[in-house]
Amino acid sequence: MAQDKLRAQNQVLKKGVVDEQANSASLKEQLKMKDQSLRKLQQEMDSLTFRNQQLAKRVELLQDELSLSETRGKKNKKSAESSSQLSQEQKSVFNEDLQKKIEENERLHILYFEADEQHKRLEAELRTKLEVLESDAAQHQAVVDSLTRKYTDTIEKLQNDKSKLEIKSQTLEREAKDCRLRTEECQQQLKNLQAALGSRLEESLCIINEKVPFNDTRSNRYNALNVPLHNRRYQLKLRDLAGQALSFVQEIVTALLNFHTYTEQKVQIFPIDSATDTISPLNQKFSQYLHENALYVRPLEEGMLQLFESITEDTVTVLETAVKLKAFSEHLASYLCFLRKILPYQLKSLEEECESSLCTAALKARNMELHRDMKRLTAIFEKLHTYVSLLALPSTKPEGLLRTNYSLVFTNIAASLHGSHDILKDISKHYSQKATLEQDVPTATQKLVTTNDCILSSILSLTNGVGKIASFFSNNLDHFTSSLSYGPKGGTEFISPLSAECMLQYKKKAVAYMKSLKKPCADSVPYEEALANRRVLLSSTESREGLAQQVQQSLEKIAKLEQEKEHWMLEAQLAKIKLEKENQKLKNSLSGHLAETVQERSVLSNTAEQKEETTEKSQREPIKTTSLIGMLTITTDNEKVPDVESREDLIKKHYMARIAELTSHLQLADSKSVHFHAECRALAKRLSLAEKSKESLTEELKLASQSISRLQDELMTTKRSYEDQLSMMSDHLCSMNETLTKQREEIDTLKMTSKGNSKKNKTR
């Protein structure tokens, strides 16, 4: 609908844009026509100006001729007199022509000015119209652009929505196909189940007809004797609720203790301070009773704690078995007696305070409001105690409370709690006003102010605690009214304490029997160890293949190394020959050098100083020897020249050892690399196997999830069908029992009539 509307608007806007373009085109044509007429008028004006210039030149020529004729006339008067007539005629003709030309020129000037003004005015009007039309066209173009953008966006959105809807429709079609297949499977399974259940129903009906002479579930009185089921979830829920109620009761008990204690302090301070003067006997008695508040308030918390501890997982908590609820009711009754005992003294204390000279009219009004609130609070507590005592009746006198009145009792308890909360809010409001008025009293002390603040805080905490427990009770009212009493399946009566005890005994026996059935499983290989063994087996087969490849590679390397060994043996023989040649050359050079030194010593042995110097020089000068390996410098300091061959052998041994070490390192690195390569291949195969197993496991998981969902649906359908069939079977059994009892009664009556007839026949 929105798209059709936008298309209609787009058509209208397109038509408006086309009309505006046609109008602008017509206006442009008119503007061209006006420009053409303006050009014509300009051409006419140019021709007129040119004609005027010609006429002006002719007038000048005529004036010149006239001046020449006048000069000539002076010289020749006679000729002038004769030609004067002609000149006058010519002058008059020229003047007439000139006058006509001047008039025509003026008229043309006027026409040109009017045409120019009209053209300017028309041009201005057309320009304004053109500007307006251009602005309108720009606005229309902007609107068209915005609409085109909007339409493109909407079209894109609609296309995206269309594609999404197509995808969704395809998925829904696939789901519909799957659902059809599943429904067909379910129908087939349902048919099988119906056939199986029909056969089982016939068997069970035959067994019931043959073996069940009496059905005790039809009678509530007999069904109450059956042992009910133990609801562990219900017990845990009830214990949780009892724990919450215990925390709220503890908060209320603390607030009540503080309220009564600070009220006692207030009685001893105001209106008369007991530290400076004696208070009235009424207030003394009132403070004495208030001092005993802990004896009546503390048992409330203890009773609730005992009730909480009595609710455990292994017990059956109903009103008939909740014996501790009676103790809590008694503690609440004792606290109610305490409230009744202190109420008259509290009211008289407020009246005495009103009669005091310090009490103003406003303070007296607040005291009277508190007077009414205290009466209401005691009455609401009496009401609450009545309903709590009614709840405690089933544990002592089961016939004292009917099951139909349970919901009414619980709703009245909730209403009483909400009423007490409202009363406490009024007390808090009135007492706060009273405290502010008492601060303005001239004799007010700091102790009075702090006591009033403490009383207000205790009242506020009491109000919050009562509000919490009231809301808690209202929220869980349905649970209390529906689940606090239960019995055997199909029964409508309360469970009795004896049957609850019997049920717990049977539960313990069942737990012991289940523990005895649990036997230790035989030892077997753990799943993780089996997986590890499988991985080792796979890796061993992979390592066998890798070792075979390593052996093949090592054989190829051995062949290459033997070839290299032969090559290097030949190279070593050649190097040995070269070394022998170099050693021979070195010997020859050393022998020549020694001969030269002997000749020098014989020549220089003349003087001792020269001899010493030469010997020192000879000792200090080094001897250089060269070979293929390198150059060696030695000094002949009373030492023999080392053997060249031994030196070469040492160097050769060093390098050979170095080569052997490097080859061993190379072989070790090569073997490590081969080992690592084999391990990497094995790991790659393991990874591929793991990925394949992962894919298979994911597929199995998908299939398992699908089968789980299918089985859940089947379970729900079978469960519903079983429940329906069981209900039908139970109804059928009831009807069969009724017919059986009728038949037995008929048989008994027939027997009695037959006996009577036989007796009559005998007497006859």
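Quantities reported herein were computed from a predicted structural model and do not represent experimental measurements.
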What heavy-atom pair brings Val249 and Leu300 nearest, and what distance separates the two atoms? CG1-O, 4.2 Å
To the nearest 0.5 Å, tell me how far Gln194 CD sits from Ser199 OG. 12.0 Å
Test item: Thr154 and Lys157 side chains (from C-beta on) under 4.5 Å apart, heavy atoms: no
On a heavy-atom basis, which atom in Ala327 and which in Gln306 lie closest, and how many Å separate them? CB-OE1, 4.5 Å
If you define the side chain from C-beta out and look only at heavy atoms, does anything of Glu184 sit under 4.5 Å from Leu181? yes
Are Leu205 and Leu201 close enough that some pair of their side-chain heavy atoms sits under 4.5 Å apart? yes
So do Met304 and Leu307 actually touch side chain to side chain, heavy atoms under 4.5 Å? yes
Met716 and Arg720, any side-chain heavy atoms less than 4.5 Å apart: yes
What closest approach, in Å, do Phe472 and Ala245 show between heavy atoms, and which atom pair accounts for it? CE2-CB, 3.9 Å
Nearest 0.5 Å, please: how far is NZ in Lys383 from CG in Leu417? 11.0 Å
side-chain contact (heavy atoms from CB on, under 4.5 Å) evaluation trace for Phe308 with Arg239: CA-CA 7 Å; Phe308 171 71; Arg239 183 172 174 80; 3.7 Å; yes
Heavy-atom closest pair, residues Leu238 and Ile311: C-CG2, 4.3 Å
How about Arg710: does its CZ atom have over 12 heavy atoms from other parts shown lying under 6.0 Å from it? yes
Locate the shortest heavy-atom distance separating Ile380 from Gly419; write the atom from each residue and the value. CG1-C, 4.4 Å
Quick one: does Glu301's side chain get under 4.5 Å of Leu305's, heavy atoms only? no
Donor-acceptor check, side chain of Ser474 to backbone of Ser471, threshold 3.5 angstrom: yes or no? no
With side chains defined as the heavy atoms from C-beta onward, is the minimum distance between Phe473 and Leu477 less than 4.5 Å? yes
Here the gap from Ser416 atom OG to His385 atom NE2, rounded to the nearest 0.5 Å, amounts to 12.5 Å
Determine, stepwise, if the pair Lys702 / Glu699 fulfils side-chain contact (heavy atoms from CB on, under 4.5 Å). CA-CA 5 Å; Lys702 288 179 181 177; Glu699 290 177 357; 5.7 Å; no
Please report the interatomic distance CD1(Ile708) to CG(Asp713), rounded to the nearest 0.5 Å. 12.0 Å
Would you mind reporting whether Leu390 and Asn412 have side-chain heavy atoms less than 4.5 Å apart? no
Minimum heavy-atom separation for Gly303 and His331, please, with both atom names. CA-CD2, 3.8 Å
Once you round to the nearest 0.5 Å, how far does NZ of Lys694 lie from OG of Ser696? 11.5 Å
Just how far is it from atom CD of Gln139 to atom CD of Glu20, taken to the nearest 0.5 Å? 10.5 Å
Donor on one side chain, acceptor on other, Thr463 and His421, under 3.5 Å: no
